[in-house]
K.L.:
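After the structure tokens below, expect a handful of questions from me.
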Amino acid sequence: MNTAGRLGLYGAALVAAFAVAFGTAAAVAPRGAAPGQAHGPTAGHEKQQDEEDGMNGHDAHRSTTMDHSAHTANDTPAGVALAAGGYTLAPVSAPATAGEAGTLSFRILDGSGTPVTAYEPQHEKELHLIVVRTDGARFRHVHPTLDRATGTWSIPWTWDAGGSYRVFTDFAARGADPVTLARTVDVAGPFAPAAPATSATTRVDGFDAGIAGDLVPGSASELTVTISRDGAPVTTLQPYLGAFGHLVALREGDLAYLHVHPEGAPVAEPGEAPAPGATSGPDVRFAAHVPTAGRYLLYFDFQVDGSVHTAAFVLDAKAAHH
Ligand SMILES: [Cu+2]
């Protein structure tokens, strides 16, 4: 389990200020999601996209993670605006109707309105695209392709259901701080809103996933995700995007975006990415810093045997009373 290694790091680079986005995520419909989705990943993972970059990418996120930790919870939460840090997410083009195959595309504009064509990789990718319906269902975390001539990001896209979706772009333009920009995209088609209920366990693709710990507003909340299969601990978690798992937290109500990058083990230095070929599990630890009491939708990505799975949890953050 490499517990010692993880514990050593814990709390150092892991504290994520809500105000900032760190990286990536994954998902599943919360329990109590739309009928027929209770367990299934409502979300798809574009494996060919996710896997194409391999595991030995950059670790630019390490330094950015540390930088982010300096932010305070008083900052405006990430992911609630289409412009921040001098950059703007231009209108998103996507199929208008559920079930219609097409392309999702967009550009990032700098302060002069010029499309951005140079990015600093974070968590091995130049841009992380997170899409979730406003009720928290249908989460996807994928990596579109950049046309470096035009600055247009695109990815094949089909909406599985109607509704309003939040499209988050998590990136750092070259030489700039990471930002998370978001827009709403409305999709015609049947829409049965899910009502996420608190859930600390879920089942996805034959794996059982649980999350332990309490979210406490205004402080680092220690959380541990545990993965098992057929009642046995899974100890073969593989590095994915530079860690043994990725977690995104969204605040119910405004979908403010918190990206938490769990640390795996063994590692040489705090914040160090796992070595190629390393495995870990069944526990993945991280810390999240949520700004307010309320309900949070958590989407956890993990990789086993080359396949990425996503587990969703719903936790309530309650103000500490002493
Ligand atoms: Cu990503």
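Whatever order the structure lists them in is the order used to number ligands and atoms, beginning at 1.
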K.L.:
Of all the N, O or S atoms in H128, which has the shortest distance to the Cu ion (ligand 1)?
P.N.:
ND1
K.L.:
Would you name the heavy atoms of P178 and Q122 that are closest together and state the gap between them?
P.N.:
CB-OE1, 3.2 Å
K.L.:
I want to know whether F171 and W153 have ring centres closer than 6.0 Å.
P.N.:
no
K.L.:
Looking at H143, which of its N, O or S atoms is the nearest one to the Cu ion (ligand 1)?
P.N.:
NE2
K.L.:
Hey, does L297 have a side-chain heavy atom less than 4.5 Å from the side chain of V314?
P.N.:
yes
K.L.:
With a cut-off of 2.8 Å, does any N, O or S atom of H246 fall short of it relative to the Cu ion (ligand 1)?
P.N.:
no
K.L.:
Do the side chain of T202 and the main chain of F313 share a donor and acceptor less than 3.5 angstrom apart?
P.N.:
no
